[in-house]
Q: 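The structure is given below, and queries will be raised subsequently.
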Amino acid sequence: MKILSRMRFFRNIIRIASRELRRLVSRPLYLFCMVVAPAACLLFFTTLMYEGLPSDMPVGVVDEDNTPTTRNLLRNMDAFSQTRLTDAYPSVTEARRAMQRGEIYAFYYIPEGTTRELLASRRPKVSFYTNNSLLIAGSLLYRDLRTMSVLANASVGLQVLQAKGVDERMAMAFLQPIVIDTHPLSNPWLNYSVYLNNTILPGILMLLIFMVTVFSIGVEIKDATSRLWMAMADNDVLCALVGKLLPHTLVFFAVAAAYDACLYGVLGFPCHGGIGPLLLATLLWVVASQAFGVFLIAVLPTLRLALSACSLWGVVSFSISGFSFPVMAMHPSLQALSNLFPLRHYFLIYVSQTLNGYPMAYVWRSYFALLLFVLLPLLFLGRLKTVLLKYDYIP
Amino acid sequence: MEKMKDLRKLFHEAAGDVFAVWRKEVRRVVHDQGALIFFILVPLFYPLLYAFIYTGEVVREVPVVVVDDGETAMSREFVRRVDATPDVRVVARTGNMGEAREMLRRAEVYGIIRMPEDFSREVNRGSQAHVSLYCDMSGLLYYKALLLSCTEVSLDMGAEVQVHRLGNTTARQDEVSTSPLAYEDVALFNPANGFATFLIPAVLVLVIQQTLLLGIGMINGTARELGMFHTQLEHGGGRGTVRLVAGKALCYLMLYVLVCVWVLLVVPRLFSLVQIPQAADLFAFLLPYLLACIFFSMTLSLLIVQRETCMLVFVFTSLPLLFISGISWPGVAVPDFWRYVSWLVPSTFGINGFVRLNTMGALLEDVRFEFVGLWIQAVVYFLTACAAYYYMIEESRKAASSPIKDGVR
């Protein structure tokens, strides 16, 4: 008897899954959300940041002094990879206007008499104006300025010391007694594509998984086909769910694995945790996102509201997962809230396991959290059953 | 004379139709809870939530562990000064790298500062001492905080060492001999280098476009699903598409003038973001932005055949649209192909123009490119919106007159 009912369970799953496959291909919307949109995003973000670090950002110059010394200073500036000296402006006001027009990201200001005062040891001041309302550009240019100012001072000092007969090694030691050797672990190129895309792309896919899961269930309520669907599962809601979502899992896992292949294989982003754990984590977040979708439609059986909740959760994920702005800098209430977002846990797993190559044990909490997301719908199976059998569509 | 009269009559009739459509649309929006979520609730609360997330602006007190192999007075002084910077906090000191790396793995710290054994000997001997800094690269802000703080301290201490070696007599002499040229960095328009000041304005502008896309998509999706699209015309006759588009656009415009005041003026003030616009210029700029967004959304509603599908189609685009606008990823680094694509979307011009007018205090003439771009979009998308509405009217009219009334879906 038991074996027979189990066989029936699996047979039902397969029948529901094949019904779902037919439903998926019958609507262009599914094709769009499950394949076209994720592929377009992958193409967009990887080509947008292909450079890794923005280079040759236009920088202006206001050189009121205009002597061989100041021109030499500016030539040095041009040599840095992030900057490209474009135009000279007659005054600071003109340069500021150019910045407001968006033509330059920063400008150098060398006041009149700089060379004269330099020779007279009066320590003239040179200013560098960066547009920090564009944070990434501003920060990169600021870094160049720092290096530049150290080097420029060193070169002036070096000349003086060498004239006094000190050899260059000694002179450098004198000019810069303490050096910081920086080791950016796992992303030594400071590549922005590595830093952003590994979380943005799964985040977008998660958003789409939430939506497709909610929509595919909600539309059954809307079209009043949910009773039919449940009947195919002998009114066993678990069987109905598994049958319906299994095809989604396969498609989404294939898409997510293609993301992995593209990022870590084709583009060669750091992947120090091995392919097995990577795929395990990928499968887990795909299923966790589906489960979260099931949870939402069970709690909010109005399709419109459940989709709105998906949008909110999916979009807030990008901010609260902390890959751009760290969670530790947020309000404590938000730090606690961040745990309720699957993307947050995926981000932590990615950093520890994939980027840094630490053993899985160090992120067991995040794995556990994703597992809890997977199990979450089990608590709401009863409610979902009521919803599917009794609820009518609310516009 | 007769002609004038005809024209006047036509104008009166058209204006009457437009206002009738407008009145009905207002009523429709007010009674549609779904549309109200997008037009009112999201613009009202989402910016608040967003600004709240980033309200800290900067990262302070990034935890770091110190491995001091030498344990000399000078190395301790270095560590003490790094700890004293606002951005870094030394949470532990240990004698071996293994332990430090373990802390990094457990994510208790985001960096390791390693003071070499010969640190003070090298400095005292007159050669260079090397401090190693290992950074976790999960967030660039950690890296930035650690690197800047350590560099700052190394430069300060280095200058003192030089002074000591020189034996100058006055402080002025010290300054001149350690750095003959003074540098000053001026961070314009975002003095605190804050994250909110940089990202929030762009998000606010984007919210306006995205909620319009969603709201209009939902309204039209509903009408198409019910096969009622053509019933919105004032006189079932041929003319009326333009009046329908104009009347509806008027309703959305009226609503979004209020939304703009809240989202673009009040919210930045609530969170004390940088706000230095010339009011007249800003308003002059926002008019074409709103029109372009409205007609853009009306055109794209062609993709939405069902009430709820607007969310599946539009929500995820927010992210690419934010990145393509050139605010977070610098505009010069956006590949040409994507730059031309970005010109199709009002938010690109809207975000760039608003950030410059509002955050950077630019004048309308400084954003002429964006301003003209938005007007062109407004005109072009008005025409495409008319075409789209015409198509949707015909579609639902055909469906209504066909013998099989059910099963259209």
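So that the names make sense, note that chain A is the first sequence line, chain B the second, and so on, each numbered from 1.
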Q: Is there a donor-acceptor pair closer than 3.5 Å between any side-chain N or O of A/Gln100 and the backbone N or O of B/Met360?
A: yes
Q: Can you say whether A/Leu134 sits under 4.5 Å from chain B via the side chain, the backbone, both, or neither, judging by heavy atoms?
A: both
Q: Taking A/His331, A/His183, A/Glu103 one by one, which has the highest count of heavy-atom pairs under 4.5 Å against chain B?
A: A/His183
Q: Which bit of B/Leu155 comes within less than 4.5 Å of chain A, counting heavy atoms only: side chain, backbone, both or neither?
A: side chain
Q: Is A/Leu29 in contact with chain B via its backbone, its side chain, both, or neither, using a 4.5 Å heavy-atom distance?
A: side chain
Q: Counting only non-hydrogen atoms closer than 4.5 Å, does A/Leu305 touch chain B with its backbone (N, CA, C, O), its side chain (CB onward), both, or neither?
A: side chain
Q: As an exercise: rank A/Asp181, A/Val316, A/Thr302, A/Val214 by heavy-atom pairs under 4.5 Å with chain B and give me the winner.
A: A/Asp181
Q: Taking side chain as everything from C-beta outward and backbone as N, CA, C, O, which of these in A/Ile204 sits under 4.5 Å from a heavy atom of chain B? Side chain, backbone, both or neither.
A: side chain
Q: Under 4.5 Å from any heavy atom of chain B, what part of A/Tyr105 do you find: side chain, backbone, both or neither?
A: side chain
Q: Only pairs of heavy atoms separated by less than 4.5 Å count here; which of B/Val123, B/Leu303, B/Ile112, B/Leu104 has the most with chain A?
A: B/Leu104
Q: Using heavy-atom distances under 4.5 Å, tell me whether A/Leu312 contacts chain B through its side chain, its backbone, both, or neither.
A: side chain
Q: Do you know which of B/Gly34, B/Gly139, B/Gly111, B/Pro63 has the most heavy-atom pairs with chain A at a distance under 4.5 angstrom?
A: B/Gly34
Q: Looking at B/Arg60 and A/Ala329, would you say the former's side chain and the latter's main chain have a donor-acceptor pair under 3.5 Å?
A: no
Q: With chain B as the partner chain, list the residues of residues 191-199 of chain A whose heavy atoms fall under 4.5 Å from it, by residue number, and write 'none' if nothing qualifies.
A: A/Tyr192, A/Tyr195, A/Leu196
Q: List the steps and the verdict of side-chain contact (heavy atoms from CB on, under 4.5 Å) for B/Tyr143 and A/Asn187.
A: CA-CA 11 Å; B/Tyr143 168 75; A/Asn187 184 3; over 6 Å; no
Q: Give me the atom names and distance for the closest heavy-atom approach of A/Ser319 to B/Ile53.
A: CB-CD1, 3.9 Å
Q: Sort A/Phe347 into side chain, backbone, both or neither according to what part of it lies under 4.5 angstrom from a heavy atom of chain B.
A: side chain
Q: Please identify, among B/Val355, B/Leu147, B/Leu319, B/Leu49, the residue contributing the most non-hydrogen atom pairs under 4.5 Å to chain A.
A: B/Leu319
Q: Is it the side chain or the backbone of A/Phe323 that comes within 4.5 Å of chain B heavy atoms, both, or neither?
A: backbone
Q: Counting only non-hydrogen atoms closer than 4.5 Å, does A/Asn131 touch chain B with its backbone (N, CA, C, O), its side chain (CB onward), both, or neither?
A: both
Q: Relative to chain A, which segment of B/Glu152 carries a heavy atom at a distance below 4.5 Å: side chain, backbone, both, or neither?
A: side chain
Q: Please classify the contact between A/Tyr129 and chain B as side chain, backbone, both or neither, with a heavy-atom cut-off of under 4.5 Å.
A: both
Q: Given a strict heavy-atom distance threshold of 4.5 Å, which part of A/Leu307 is in contact with chain B: side chain, backbone, both, or neither?
A: both
Q: Quick one: which of B/Ser328, B/Gly326, B/Ala333, B/Pro330 has the most heavy-atom pairs under 4.5 Å with chain A, could you say?
A: B/Pro330
Q: Determine the option with the most heavy-atom pairs under 4.5 angstrom with chain B, choosing from A/Tyr50, A/Phe45, A/Phe32.
A: A/Phe45
Q: Where does A/Arg365 contact chain B at under 4.5 Å (heavy atoms): side chain, backbone, both or neither?
A: neither
Q: Between A/Leu48 and B/Trp338, what is the shortest heavy-atom contact and its length?
A: N-NE1, 4.2 Å
Q: Under a 3.5 Å threshold, yes or no: a donor from one side chain and an acceptor from the other, between A/Tyr362 and B/Arg105?
A: yes
Q: Highest number of heavy-atom pairs under 4.5 Å with chain A: which of B/Glu370, B/Met218, B/His130?
A: B/His130
Q: So which part of A/Ser324 gets closer than 4.5 Å to some heavy atom of chain B, the side chain, the backbone, both or neither?
A: both
Q: Does any non-hydrogen side-chain atom of A/Asn356 lie less than 4.5 Å from one of B/Met137?
A: no
Q: Measuring heavy-atom distances to chain B, does A/Val351 have an atom under 4.5 Å in its side chain, in its backbone, in both, or in neither?
A: side chain
Q: Indicate the atoms forming the closest heavy-atom contact of A/Met49 with B/Trp329, along with that distance.
A: CA-CZ2, 3.9 Å
